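Nothing fancy with the numbering, it's 1 onward along the sequence. What you see below is based on every heavy atom in this structure, not just the backbone, and it leaves out hydrogens, waters and symmetry mates. None of the values given here were measured: they were computed from a predicted structure.
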Amino acid sequence: MVKKVTFEQFKAILDEKTARAKEMSSVMKKIKGDMQTKVDMRFRQAKGPDGTPWEPLKESTISKRKRRSSKPLNDSGDLKLSINGKYGSNYAVIGSDRPYAAYQQFPAKKGENGKETVTETVKKHRRRTRSGKKTTVKSHNRTRSFLNPWGDKPGRPFMGFSNNQKAKYRRWINNHIQKGGT
């Protein structure tokens with residue numbers, strides 16, 4: 001059955017929907033929260049947005065980690081805790097303020113990022129010489145250069161949208177514009 005409306009009624013309906021489309025803060029807040037939840041879930045499940053498991057860490061990497069954790073991207077929890085977001089009347093965004101977040105997200109070939117030089121201070125300490133004598137080593141600086149990354153590194157995507165998320169957000173936005181609900 002076709003519902004007949006006057007031009008004035010049609011214009012009023014259109015104006016109402018246009019106003020809803022211009023001010024979507026409530027639905028954007030919901031989307032931002034859902035995106036943060038999904039990223040948190042990816043860290044726990046060690047999977048990318050498309051459901052692909054992250055490549056496991058190598059033993060050499062695990063041995064160098066602060067807490068010896070074998071879970072990718074979860075040694076200190078700093079990256080996971082750095083994920084936060086913003087929203088407004090027409091946008092929702094999440095991200096990290098950690099400079100290495102993009103490095104973890106995308107794959108890299110050995111040396112792709114050039115050489116990195118690290119200077120570290122070695123404290124005064126005692127050591128044995130090759131002949132077995134004990135000697136004192138003065139405090140000094142040591143500089144090392146190495147390729148960055150030092151080997152091929154897989155990407156472990158934690159940001160992005162699954163197809164289910166895209167469909168869900170479209171439904172939420174459409175519902176908000178059509179009916180005013182979130």
Inset, instruction - Would you mind reporting whether Pro107 and Pro154 have side-chain heavy atoms less than 4.5 Å apart? - result: no
Inset, instruction - Verify the distance criterion only: is there a donor paired with an acceptor across the side chains of Ser89 and Ser25 at less than 3.5 Å? - result: no
Legend entry - Side chain to side chain, Arg144 and Glu120, heavy atoms closer than 4.5 Å: yes
Legend entry - Asn164 CG to Lys38 NZ distance, which is reported to the nearest 0.5 Å: 8.5 Å
Legend entry - Flag side-chain contact, heavy atom, 4.5 Å: Ser139 against Thr121: yes
Inset, instruction - Heavy atoms only: give me the nearest Lys32-Val93 pair and the separation to one decimal. - result: CG-O, 4.2 Å
Legend entry - Distance-minimising heavy-atom pair for His125 and Lys123: ND1-O, 2.9 Å
Legend entry - Check against side-chain contact (heavy atoms from CB on, under 4.5 Å), Ile177 and Met24: CA-CA 8 Å; Ile177 292 170; Met24 295 193 298; 4.2 Å; yes
Legend entry - 4.5 Å side-chain heavy-atom contact, Arg42 and Met159: no
Inset, instruction - Determine, step by step, whether Gln36 and Asn84 satisfy the side-chain contact (heavy atoms from CB on, under 4.5 Å) criterion, reporting the C-alpha distance in whole Å, the side-chain angles of both residues, the deciding distance to 0.1 Å, and the verdict. - result: CA-CA 7 Å; Gln36 285 184 277; Asn84 56 49; 4.3 Å; yes
Inset, instruction - Please say whether more than 12 non-hydrogen atoms of neighbouring residues, nucleotides or ligands are located less than 6.0 Å from NZ in Lys71. - result: yes
Legend entry - Check: Lys138 main-chain N/O paired with His140 side-chain donor or acceptor under 3.5 Å: yes
Inset, instruction - Over all heavy atoms of both residues, which pair between Lys153 and Phe106 is shortest? Give the atoms and the distance, please. - result: NZ-O, 2.8 Å
Inset, instruction - In sequence, state the C-alpha distance, the side-chain angles, and the governing distance for Thr52 and Asp50, and then conclude on side chain to side chain donor-acceptor pair (under 3.5 Å). - result: CA-CA 6 Å; Thr52 304; Asp50 64 354; 2.9 Å; yes
Inset, instruction - Please check if the side chain of Gln165 supplies one atom and the backbone of Ala167 the other of a donor-acceptor pair under 3.5 Å. - result: no
Legend entry - Whether Trp54 side chain and Pro72 backbone form a donor-acceptor pair below 3.5 Å: no
Inset, instruction - Please report the shortest heavy-atom distance between Lys124 and Thr136, naming the atom on each side. - result: CE-CG2, 3.6 Å
Inset, instruction - For Lys168, look at atom NZ and say whether over 12 heavy atoms of other residues, nucleotides or ligands are found less than 6.0 Å away. - result: yes
Inset, instruction - Please write out which residues are connected to Ile62 in a hydrophobic cluster, directly or through intermediates, given that two of Ile, Leu, Val, Met, Phe, Trp, Tyr count as joined at side-chain heavy-atom separations below 4.5 angstrom. - result: Leu57
Legend entry - Any donor-acceptor N or O pair under 3.5 Å, side chains Asp78, Ser76: no
Legend entry - NZ or CZ of Lys30 within 45° of Trp172 ring axis and under 6.0 Å: yes
Legend entry - 4.5 Å side-chain heavy-atom contact, Ser96 and Leu79: yes
Inset, instruction - Check for a donor-acceptor pair, side chain of Arg128 on one end and backbone N or O of Thr135 on the other, with a separation under 3.5 Å. - result: no
Legend entry - Check: Thr119/Asn141 side-chain N/O donor and acceptor closer than 3.5 Å: no
Legend entry - Linked, directly or transitively: Leu14 and Phe7 (ILVMFWY side chains, under 4.5 Å): no
Inset, instruction - Evaluate whether atom CD of Glu59 has more than 12 neighbouring non-hydrogen atoms of other residues, nucleotides or ligands under 6.0 angstrom away. - result: no
Legend entry - Pairwise side-chain contact, Ile94 with Ile83, heavy-atom cut-off 4.5 Å (strictly under): yes
Legend entry - Heavy-atom side-chain contact between Met28 and Ile31 under 4.5 Å: yes
Legend entry - Single-linkage hydrophobic cluster Tyr103~Leu81, side-chain heavy atoms < 4.5 angstrom: no
Inset, instruction - Answer with yes or no whether the hydrophobic clustering places Phe161 together with Val27; edges join I, L, V, M, F, W, Y residues whose side-chain heavy atoms lie under 4.5 Å apart. - result: yes
Legend entry - Arg156 and Glu55: CA distance, side-chain angles, deciding distance, side-chain contact (heavy atoms from CB on, under 4.5 Å) verdict: CA-CA 7 Å; Arg156 294 185 174 94; Glu55 190 171 311; 4.2 Å; yes
Inset, instruction - Check the angle between the aromatic planes of Phe43 and Phe158 and answer parallel, tilted or perpendicular using the 30° and 60° thresholds. - result: tilted
Inset, instruction - With the side chain counted from C-beta on, respond yes when Lys17 and Gln178 share a heavy-atom pair under 4.5 Å apart, and no when they do not. - result: yes
